[in-house]
Each structure stands twice: as C-alpha cells, then as structure tokens.
> 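Sharing a structure below in structure tokens format, with a few things to ask.
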Protein chains: 2
Amino acid sequence: MTSVSRNTKRQSAGANSERTRQHNSKFVLSTLRHAQTQGDTAGRAEIARLSGLSIQAVSNIIADLEQRGLIRACGKRNQGRGQPAVQYEICANGAYALGFEVRPDALFCTLLNLHGETMCQKRSALMRATPDAVAQAMRETKTAILAEPGLAHEKILGAGIVMPGPFGTTGISGHDSELPGWQDIEITSWAEDLLKLPALIENDANAAAMAERISGVTQGLQHYACLYFGAGLGLGVISNGQALHGARGNAGEIGHIRIALPSGAQPLEAVLSRLALQDHLKSNSITADTSEDIAALFHENCPTLLEWLDLARIALCEAINLIENLLDPSTIALCGAMPGALLDALVKDLPLNQHSVAARPERTLPRIIRGSSGPMTAALGAAALVLNDAFTPQITTSA
Amino acid sequence: MTSVSRNTKRQSAGANSERTRQHNSKFVLSTLRHAQTQGDTAGRAEIARLSGLSIQAVSNIIADLEQRGLIRACGKRNQGRGQPAVQYEICANGAYALGFEVRPDALFCTLLNLHGETMCQKRSALMRATPDAVAQAMRETKTAILAEPGLAHEKILGAGIVMPGPFGTTGISGHDSELPGWQDIEITSWAEDLLKLPALIENDANAAAMAERISGVTQGLQHYACLYFGAGLGLGVISNGQALHGARGNAGEIGHIRIALPSGAQPLEAVLSRLALQDHLKSNSITADTSEDIAALFHENCPTLLEWLDLARIALCEAINLIENLLDPSTIALCGAMPGALLDALVKDLPLNQHSVAARPERTLPRIIRGSSGPMTAALGAAALVLNDAFTPQITTSA
DNA sequence: TGATTAACTCAATCATGTTGAGTTATCAAG
DNA sequence: CTTGATAACTCAACATGATTGAGTTAATCA
C-alpha cells in the first residue's frame with residue numbers, strides 16, 4: 001500500500017516487504033521534516049547515511065513519495081567536491097490531517113497540512129455529546145472540509161480524536177468530563193467506520209503534547225511532558241516520541257494527585273486549574289467566564305488574580321518536582337486553555353528545586369517552557385497525532 | 001543475521017528483509033513464550049493467525065529457529081478435525097542471558113536461560129566500583145561462566161547491566177549511589193567492547209520490573225509499574241512492554257518526591273525505604289543490618305517494626321495514588337531488597353483510595369501485588385532485559 | 001585540463017513474504 | 001468401514017523491496 005497509509009485495514013503484528021517500505025518511507029519523511037524544522041533540507045545520500053539504507057533504496061522511496069505529491073525537489077547543494085545533491089522538501093499541501101475534539105457541548109475541528117500549519121478550524125455546537133450527535137457533526141464537518149478547494153478524501157491521512165477521560169468505568173463516577181452513552185463503544189473502529197479514515201484516539205493532554213512536537217516548542221524532542229489546562233489539569237507524556245497512555249488510556253491524571261502545600265495537602269487541580277482560578281476569583285466576587293475576561297484581569301493587575309498566581313506557582317513547583325523525578329523529561333511545557341500571558345507569568349522565574357535530577361549543568365533547554373495556548377489546542381493536537389504517526393516509523397507490540 | 005541477534009553491530013533505523021525476518025522471528029518466539037507461561041504450546045498455523053503472517057512464512061521461521069536450537073517440536077495436538085498441529089516449545093537451554101548489577105562495593109551476576117530460570121549467580125567484591133575494577137570483575141565473571149558445561153559465547157544473547165542512578169551530572173550531588181569515574185563513559189559501547197556482547201543498560205527499578213515480566217507476577221502485562229526497594233525507593237515503569245527511561249535514564253526517582261503525610265510533607269523514601277526502616281529501628285536502639293535481621297524482627301512481631309509498617313503503609317497508599325493517576329498501570333508490583341514477608345505485610349489490606357481511575361469494577365488483577373524479593377533482584381532484572389529484548393519485536397525511533 | 005570526489009542511475013542479485021496447488025492426517029457422518 | 005470434510009502443512013512459482021557493483025554526471029582541486 002502506501003507509506004503514509006490511508007487504508008483502514010488494521011495492521012498485523014507480522015512484517016513483510018510492504019511494511020518495510022512503509023517504515024522506510026516514514027523514516028525518509030521524518031528526516032526531511034526534521035531538516036525543515038531546522039530551516040534545512042536533505043538529499044538522497046544524506047538520508048541514506050542517516051538511515052543506514054542504500055542510496056538506491058532511498059532513491060526509490062523518494063521517487064515514490066515525489067510521484068505521490070508528498071515531497072518535491074527544491075534545488076541542489078554543493079557540499080564541497082562531487083556532484084551537488086538534489087535537495088528535497090515536504091510539500092505543505094501534499095496531504096492533510098484532521099483533528100477533532102469532542103467536548104460535552106461542542107465538537108471542535110482542525111485541519112493541518114503536512115507542515116503542521118492550520119488550514120481551517122470549525123466548531124459545531126452540540127446539545128449533548130452523545131455518539132449519534134457527535135457522529136452527525138463529524139460527518140457534516142468532514143463534508144464541509146472536503147468542499148474546500150484542493151482537498152480530496154485521498155489527501156487526508158487520518159483523523160485524530162480527543163475525548164475527555166477518564167476512559168471506561170472507573171472509581172471516578174459523576175465526573176463532569178464523562179460523556180453520556182460512550183461506555184460500550186470501541187471508539188477507534190467506530191470513528192474509522194464513520195469517517196472512512198484511520199483514526200487515533202487520545203486524551204487531551206497527550207494530544208496537546210503532540211501539538212507541541214509537531215508545531216510547537218518541543219520539536220525534535222523525544223522525551224518531555226506537557227502540563228495541560230483543560231477541564232482540570234492533565235499531563236501529556238511523550239516518551240521515546242510516543243504518547244504514554246497507560247493500560248486503559250487514563251494516564252496523566254496529574255490533577256487528582258494530592259500534593260503538599262503550605263495550606264495542607266490538596267489535589268493539584270484544586271489549586272492549579274482554570275476552575276480553581278475561577279473559584280478563587282468568585283470567592284472575591286469576581287467573575288471571569290472566558291479566557292478574555294481572565295486575560296483582562298491579568299492585564300489590569302487584579303490583586304485577587306495575582307494572589308492566585310502566587311498559590312499556583314507554589315503548586316506548579318511541586319508538580320514539576322513530581323514530573324521531573326518520575327519521568328526525567330527534557331523539558332516540561334505548559335499549555336492549554338489559559339491566556340498566554342498567564343502561562344508566561346506562571347513559568348517566569350519559578351523557584352525550582354535545585355536538588356533534582358533535572359538540575360543538570362549541561363542543560364540547554366529550560367526546565368519549563370510555555371507552550372501553545374488557546375481553546376483549540378486539543379483539536380490541533382488531535383490532528384498532530386496523525387502527522388506524528390505519518391512521520392514516525394512504527395512498531396507493533398508483541399503478544 | 002539471526003533473529004535473536006548476537007551481533008554487536010548497531011542497528012540502523014532503516015528496515016530490510018533481514019530486519020523483517022528478525023522482527024517476525026521475535027514475534028514467533030514471543031508467542032511461544034507467552035503460550036508456555038500459560039502451560040500451553042502453539043503450532044505453526046496458530047502463530048500464523050496471531051501474527052497475520054502466512055503459514056509458509058511461519059514455517060520457514062520455525063525451521064530456522066529449530067535448526068538453531070532455540071525451539072523444538074513437542075508433540076501434536078488435535079483441535080477437532082484436520083491434521084493435528086505440530087506443537088513447538090522454547091528450548092530452555094537454547095540460549096542464555098547475562099545480567100550484571102554494579103554496586104559501590106560489589107558486582108552481582110545472574111545467568112538466565114530462555115525459560116527465565118536462573119542458571120547461576122556470582123558475586124565479586126569490589127574495593128571501589130571504578131570502571132577499571134568493574135571491567136576486570138566482569139571479564140573474570142564471564143570467563144568463569146563460559147567454563148560451565150553447555151555454555152559457549154555464541155549461546156549468550158547479550159548482557160544487561162544495572163547501575164545505580166542518577167546518570168550523568170545532576171543537581172543531586174554527593175548522592176551515595178553515585179559511582180566514581182563513570183561520568184564520561186558511554187556505558188553501552190564500553191560494555192559491548194568489554195564483553196563482546198550486545199549490552200543494555202538500565203536503572204535498578206526498571207530492571208526489577210523486567211524481571212517480573214519475564215519470570216514474575218506481571219507476565220503478559222504491557223503496562224505496569226514496579227516499586228523497588230534498592231538503595232532508596234525507585235519506580236520501574238513498563239509502558240507498552242518497554243521500560244520508561246526518560247530523557248537521561250533517570251526516570252523513576254519516586255523516592256525523592258515529597259508526599260503529604262499526617263506528620264507533614266516528606267520525601268517518600270524518608271519513610272518508605274530500607275534505610276528509613278533501619279533509621280526508625282535505630283531510633284529505638286534496635287539494629288537490623290541484614291534482611292535476615294529484619295525478617296527475624298518481623299517474625300517476632302517487634303512493635304517498633306510494626307509501628308514503622310503502619311507509617312510505611314500510609315506512605316505507600318500515597319505513592320500508589322500518585323502512580324495510578326499518573327501512569328494508569330494494570331497493576332503495581334512491590335519488590336526488591338526487603339524480606340518477602342514484609343512486602344506481603346505492606347501489600348495486605350491497604351486502605352486504597354477508591355476515588356481513582358484504577359478503581360475499576362471489571363478489574364481482574366489486584367491494584368498492588370507482591371513481586372520478587374531478595375538481594376539478587378536487580379541482577380536478575382538485568383538479564384531479564386536481554387530476554388525481553390529477544391522476545392519483543394523492535395523498532396528504532398526516528399530522527 | 002585532468003584527477004578526484006560525491007551524487008546518482010541502471011541492472012542484476014538476494015532475502016523474504018505471499019499465493020495457489022497439492023498432500024496428509026484426523027474427525028464425523030453414512 | 002468407507003467417504004467426505006477439514007485443517008495443517010509442503011512445494012514451487014511469484015512479488016516486493018533492499019543490496020550490490022558497474023557505470024555516468026557534475027562539481028572541486030591541483
């Protein structure tokens with residue numbers, strides 16, 4: 001089939017020549033993408049050296065990818081003697097990735113091109129996020145997107161879908177983020193049948209982490225974490241370039257962890273979350289329903305908000321300590337549905353624990369950085385999952 | 001080359017037919033192993049169905065593995081009509097895995113066969129665990145092991161090596177577990193040159209977790225964690241069948257995390273570790289230097305020890321809450337250098353938080369189980385790393 | 001200007017998986 | 001006790017895709 005595969009057929013555990021080609025094609029694409037993020041390009045011979053493949057093999061793959069419109073030649077480069085190497089780059093609009101975020105009251109959609117650039121965004125209001133209502137909204141959204149010029153079903157690599165966790169029946173019942181009627185649905189195949197596209201399901205924090213990898217502040221990193229402000233507070237973990245789901249897809253519920261604060265032990269998201277901020281404001285009779293409200297308060301130096309910020313920064317330090325000790329990430333990105341300026345303020349001059357495995361002298365990245373913010377972060381991340389998949393040589397796990 | 005590869009040559013990122021065969025061979029082996037742990041066996045056709053490979057491909061691989069002495073036919077089985085399927089099993093002594101644990105004062109070694117059974121164990125005292133001293137001890141140990149009957153260099157798949165973290169220079173200086181003179185050594189290639197074998201490096205907790213997977217309580221699980229009593233307290237995390245290292249191999253330092261206790265916030269290993277136990281005993285003028293001493297105290301219901309146990313169980317509950325929320329494991333195993341009876345006592349009737357993503361009604365495994373204990377756990381785990389590698393279809397991550 | 005170098009192409013070869021046509025051994029129905 | 005159905009397995013031809021070695025081309029260097 002194809003390297004950046006569109007076929008919905010489930011992959012089996014065994015490998016064959018087709019799979020080999022798919023794997024190698026993904027390697028070629030990831031090399032080109034990696035070069036492009038550095039403002040660079042690459043030629044056949046260089047890719048062959050990096051991959052350990054023969055030049056001929058790379059040549060064949062490049063011919064194939066070029067013919068399919070995913071890459072194109074972009075000049076030559078002299079590297080000293082010898083014939084100049086023809087350079088290749090990824091065609092921004094050679095293919096697209098679709099991302100959906102299902103929320104209790106709406107369906108968000110983002111379409112990314114191969115450069116990770118947002119091509120369009122859509123929002124559909126939902127009365128109730130039942131499977132039927134979501135299915136209808138997804139179908140309509142897809143139809144609307146296919147109507148755009150230059151878009152065909154064949155050019156969509158797949159769909160990433162973000163759903164609020166926790167998945168399955170858990171001890172946390174009555175949790176606001178749980179959706180009605182989804183318990184008995186195997187979501188991946190449900191979505192693949194619905195959209196006629198390969199589907200990837202993730203929680204919001206992992207998707208946000210992928211977004212940072214595809215077009216954000218963690219490009220090129222293989223190990224990092226992403227604290228994500230969504231309904232509560234989630235943690236996306238990327239290890240070896242792949243998201244960490246846990247046994248049931250419920251990993252990253254960092255908001256539920258009790259942490260030690262000067263005021264006593266509390267769940268992290270009782271302090272460090274959008275809801276916690278709004279509660280704190282409300283207890284001082286200030287309402288801030290939207291991100292814009294919060295941003296405005298921050299802009300005018302609202303003392304109640306600054307008070308919360310001090311609390312939140314203490315909680316954040318504890319969270320960082322936890323994450324660094326447990327996961328040893330290259331960095332931690334802070335992102336999600338909070339005003340960017342507020343994230344900046346949270347991140348700035350944190351009194352981080354220096355007695356940590358993360359306090360390395362040779363460190364080049366800051367221990368915490370501000371990632372992307374805004375309400376569409378999760379839908380963007382959903383689409384990023386698809387791009388990551390297209391650019392990452394895969395494995396199947398054993399029995 | 002070979003599927004259970006012995007060659008030291010670094011694998012490249014690109015795939016070819018040889019790599020495909022290697023991948024598929026590992027799948028066949030893992031299927032047979034999995035069946036064997038269930039007291040079962042498997043035939044060609046069954047493996048073909050599981051892998052998605054053709055029967056012919058499986059047949060070829062089986063012929064190859066059998067010829068190399070890694071598997072053998074073990075009777076036939078009637079599954080109703082049709083020709084009975086020839087069953088295969090892994091030859092226990094078809095190959096071996098070597099495991100080393102480097103400690104500040106000694107080098108421990110364990111040799112496992114393909115069934116994960118311990119063939120021999122060795123201990124070499126070290127004055128100081130400098131690279132030179134360790135190299136000499138490793139060389140001598142390997143020579144002694146090769147002298148055993150039935151053992152040849154070719155039958156050793158590789159060496160797993162466990163070293164106390166943290167790796168590299170970190171903010172935690174003066175840490176007792178840091179070894180002298182290792183900062184500037186790329187340990188994997190150092191060990192491969194030294195032993196002329198493929199080498200895998202891990203921290204103690206991850207290795208212990210692998211040991212549970214190969215021959216312990218977590219066989220067949222893809223997602224779990226392992227709380228490990230070593231020098232302090234470590235957490236081994238297996239996600240998707242692979243150990244989680246973090247960016248620098250320092251993941252799992254759960255002992256350093258501050259947790260909220262009735263007595264105030266403290267690092268977890270200030271309560272839950274062998275050293276904490278010994279300190280607690282010492283503050284009541286009881287000395288217990290060895291595991292036997294501790295086991296004896298426990299056996300005679302020493303009130304000071306029981307007092308510690310109550311404290312430790314509270315801390316353990318907090319740790320479990322942390323791990324479950326962050327990693328969503330299938331289960332958590334408790335293991336390491338503590339008397340088994342004490343681990344049992346820790347695990348028994350824990351007042352676990354029911355408000356957790358882990359409190360699932362359909363859960364079949366307990367949320368926490370007792371794993372293997374004893375001083376050789378880490379060296380065993382080191383060898384288990386090699387077996388896991390031999391039985392797990394691999395990938396190389398992209399650039 | 002010619003030697004050197006590196007990128008690249010072409011054609012032959014090789015490893016491996018797949019496919020389809022048998023063959024064999026067992027069960028079950030007549 | 002025969003016969004047909006069924007499933008495991010083998011054999012041979014084929015397809016895919018990577019590798020190899022012998023050119024070819026276009027640069028730099030002396």
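Nothing here was measured: the structure is a model prediction, and the numbers come from that model. Chain A is the first sequence line, chain B the second, and so forth, proteins listed ahead of strands; every chain is numbered from 1.
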> Under 3.5 Å, side chain of Arg44(B) to main-chain N/O of Ile62(B), donor-acceptor pair present?
no

> Keeping Arg33(B) on the side-chain end and Ile214(B) on the backbone end, is there a donor-acceptor pair under 3.5 Å?
yes

> Quick check: does any side chain N or O of Gln87(A) sit under 3.5 Å from a backbone N or O of Ala73(A), one acting as donor and the other as acceptor?
no

> Using a cut-off of strictly less than 4.0 Å, decide whether Arg21(B) has a side-chain nitrogen or oxygen near OP1 or OP2 of dG17(C).
yes

> Taking only the side-chain nitrogens and oxygens of Arg44(A), find out if one of them lies under 4.0 Å from OP1 or OP2 of dT9(C).
yes

> I need a per-nucleotide contact map over nucleotides 23-30 of chain D, read 5' to 3'. Cutoff is protein heavy atoms under 4.0 Å; write B for the base, S for backbone only, - otherwise.
--BBBBS-

> Go through dT19(D), dC8(C), dG17(C) for me and flag the one nearest to the Thr20(B) side chain.
dG17(C)

> What is the separation between atom NE2 on His23(A) and atom P on dT16(D), rounded to the nearest whole Å?
21 Å

> Tell me if a side-chain donor or acceptor on Ser51(B) pairs with a main-chain N or O of Ala48(B) at a distance below 3.5 Å.
yes

> Please check the phosphate of dT16(C) (OP1 and OP2 only) for any side-chain N or O of Asn60(B) closer than 4.0 Å.
no

> Taking atom P of dT16(D) as reference, at what distance in whole Å does atom CD of Gln22(A) sit?
16 Å

> Give the rounded distance in Å between these two atoms: CD of Glu18(A) and P of dG17(D).
7 Å

> Is a donor on one side and an acceptor on the other found under 3.5 Å between the side chain of Asn240(B) and the backbone of Gln242(B)?
no

> Would you please confirm or rule out a distance under 4.0 Å between OP1 or OP2 of dA7(C) and any side-chain N or O of Arg49(A)?
yes

> Is the closest side-chain heavy-atom distance between Arg21(A) and Asn60(A) below 4.5 Å?
yes

> Figure out the CG/P separation between Asn16(B) and dA15(C), and round it to whole Å.
12 Å

> Nearest-Å distance, CZ (Arg19(A)) to C1' (dT16(D))?
15 Å

> Taking the side chain of Ala57(A) as its heavy atoms from C-beta onward, which of dT19(D), dT9(C), dT18(C) lies nearest to it?
dT19(D)

> Between Ser54(B) and Ala57(B) (side chain of the first, backbone of the second, donor and acceptor by atom type, cut-off under 3.5 Å), is there such a pair?
yes

> For Ile61(A) and Ala85(B), find the nucleotide of DNA chain D closest to each by heavy atoms; which residue's nucleotide sits nearer the 5' end?
Ala85(B)

> Looking at Arg72(A) and Glu89(A), does any basic side-chain N land under 4.0 Å from a carboxylate oxygen?
yes

> Taking OP1 and OP2 of dA18(D), is either one under 4.0 Å from a side-chain nitrogen or oxygen of Asn24(A)?
yes

> Provide, to the nearest angstrom, the distance between the CZ atom belonging to Arg77(A) and the P atom belonging to dT5(C).
22 Å

> Does Ser17(A) place a side-chain N or O at less than 4.0 Å from the phosphate oxygens OP1/OP2 of dT16(C)?
no

> The side chain of Gln56(B) is closest to which nucleotide in this list: dT18(C), dA15(C), dA8(D)?
dT18(C)

> Would you say a side-chain N or O of Ser54(B) is under 4.0 Å from OP1 or OP2 of dT18(C)?
yes

> Starting from P on dC10(C), measure out to CD1 on Ile55(A) and report it in whole angstrom.
14 Å

